[in-house]
Structures are given as structure tokens and as C-alpha cells.
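Lettering follows sequence order; numbering is per chain, from 1.
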Amino acid sequence: MKIATWNVNSLRVRLPQLKQWLTESPVDAIGLQELKQPDEDFPAEEIDALGLHAAWYGQKTYNGVAILARQPLEDVEYGIPGFEDPQRRVIAATIAGVRLINVYVPNGQAVGSDKYVYKLEWLRQLQAYVADALARHPQLAIVGDYNIAPEDRDVHDPAKWEGSVHVSAAERDALAELLRAGLTDTFRQFEQPDGAYSWWDYRMGAFRRNHGLRIDLVLASRELADRCIGCHVDRRPRTWERPSDHAPVVATFDIA
DNA sequence: ATGGCTAACATGGTTAGA
């Protein structure tokens, strides 16, 4: 079973690339972030034509998340229960017995800003949600754009980024808390090349120079992590015409 | 050099992303 995550940065613009990538690199399930479109614009027919089931939770202009899967989606949940949040950033579903939560963690803009405060509060809400989900679902994967680089090796120039948003201690602590609760960063279960990132700024030739961050993650519960047999970033779509600034990340599990 | 690019909304220039 292959589970992927991809921040498409506008599903309207990126639909052709999504279709191409899913055709070339079939996965069993994928979490998409930053749809940037209202629910009524979701390309349901085109996704159906790919042979995929889907659930989506969008909004105009900003945010928006979706799950696509080969098998039907069961027990779809929208947002974090009990957390009133006008920003649509979370969707969950069960696929072939695996619980999949797809998240678009707030950017945070700058340390100390209102958006940073919101990001940290949002992460606290996510921690509680995840603790509950882990208790209910032994086979749990939480994929998405975390907007946090877990460690300095996930940052192209740690000295330049030190203390700033995406790497600050409070953000990394929040992510570490998720891992302590019983999740594994599947990417780090395996030997990886240096400079493996999942996002590169559109500016400054950042992709060409590999000036990136690894902020898109596939986290897995113990039971699922034990069956994980690989995880990689697929940089190819970042080389295509009019790319998303994020690349897809794919984890493979030894499950039917 | 604190910008550089891209997308949405708008239909020029602002907001947001990371």
C-alpha cells in the first residue's frame, strides 16, 4: 500500500499535473493540501475518471484539503472535532482498514505574529485529536504539509533559518510531541540522500540550487511504521512546467 | 540586497505562502 501527500498549491492550476503524476506513479491513497477552491469547484468527475474515490473539504482562495483513494473512503471526518476553525485544514477517512488523517498545518508567517500564535494553538488541537485517533486506530497515518522542518538536516541552510518560523523550538517541540505520542516520521526510517527536501521557494532559483525544506511528512503509528518499507520525495513534478512549490512524498507499506 | 515567484482576487495592486 502506497500513501502519498502533496501540497498542490491550487488544485485548479495543478489538476493536469496531478493526473499525470497519479498515472505515472499510482498510489493507494493521497492527501492533497492547498486546494484553494470552494467545494463546488472540486473536479469530482475527473478524479472519478482516474478510478479514484475522493472526499474534499475546501474553501475559496485559501487552504482546502482532500483525500483520494483507490478503495472507498469510510468514516470521513471534516476538521478537528470540537475545534471551531474557519480555515479548512484537516480531513480524515478510513481506507482498507487504515485511518488516514490529512493535514495542512498553518504557515505561521513569522515567529511572534498572530499567525504564529494561531499555528501553535492549532498544533495543540492537533495533538489532542491525534492522541484520540491513535487510541482508536492502531493503523494510523497522518500525512500532510506540516510547515515544520523537524531537524536541521531538513533545512538547506540551518544557520540562516535559525529561530525563524518553520524551525523554531516551539514548532519543533509541537511536532516532537506528536512523535512522542506514538508516531514515526517514516522518511527517517530509511537511509536518505543529504539535501532531501520537499519544498523549494519559487524565487531565487531555489530548486535549481536545492535550497529547500523538508516540511511534507508521512507520519505512521507504530503498527504501520513497522510495516513501512520505504519513503521518498518525488522531485520530478517540481521540474515540470508551472510546478507546485512542493513535491509529493510517498511512503510504501507492506499491507495488502 | 529582507527582494527575487506564484496564485487568488481582481482587472492594479494587495494578500499570502514558506
What distance, rounded to whole Å, do you find between the two [atom1] atoms, one in [N] and one in [M]?
N	M	atom1	result
B/dA18	B/dA1	P	28 Å
B/dG3	B/dT15	P	14 Å
B/dG17	B/dG4	C1'	15 Å

For A/Phe190, enumerate each residue passing the side chain to side chain contact (heavy atoms under 4.5 Å, CB included) test, keeping only those at least two apart in sequence or located in another chain.
A/Gln192, A/Cys228, A/Cys231

Whole Å only: how far is the [atom1] atom of [X] from the [atom2] atom of [N]?
X	N	atom1	atom2	answer
A/Asp201	B/dT6	CG	C1'	10 Å
A/Arg14	B/dA8	CZ	C1'	12 Å
A/Leu35	B/dA8	CG	P	12 Å
A/Asp245	B/dA18	CG	C1'	8 Å

Decide yes or no, distance alone: a donor-acceptor N/O pair under 3.5 angstrom between the base of B/dA18 and the side-chain of A/Asn107.
yes

Listed nucleotide nearest any side-chain atom of A/Ser10, set B/dA18, B/dA8, B/dC5:
B/dA8

With the side chain defined as heavy atoms from C-beta on, A/Asn147 is closest, among B/dA7, B/dA18, B/dG17, to B/dA18

Please classify the nucleic acid contact of [X] as base, sugar-phosphate, or nothing, using heavy-atom distances under 4.0 Å.
X	value
A/Tyr104	sugar-phosphate
A/Asn63	nothing
A/Glu34	sugar-phosphate

Counting only heavy atoms not in A/Arg222, do more than 12 sit closer than 6.0 Å to its CZ atom?
no

Got a sec, which pairs hit ring-ring contact (aromatic ring centres under 6.0 Å, His included) with one end in residues 10-47 of chain A, sequence neighbours left out?
A/Trp6-A/Trp21, A/Phe42-A/Trp56

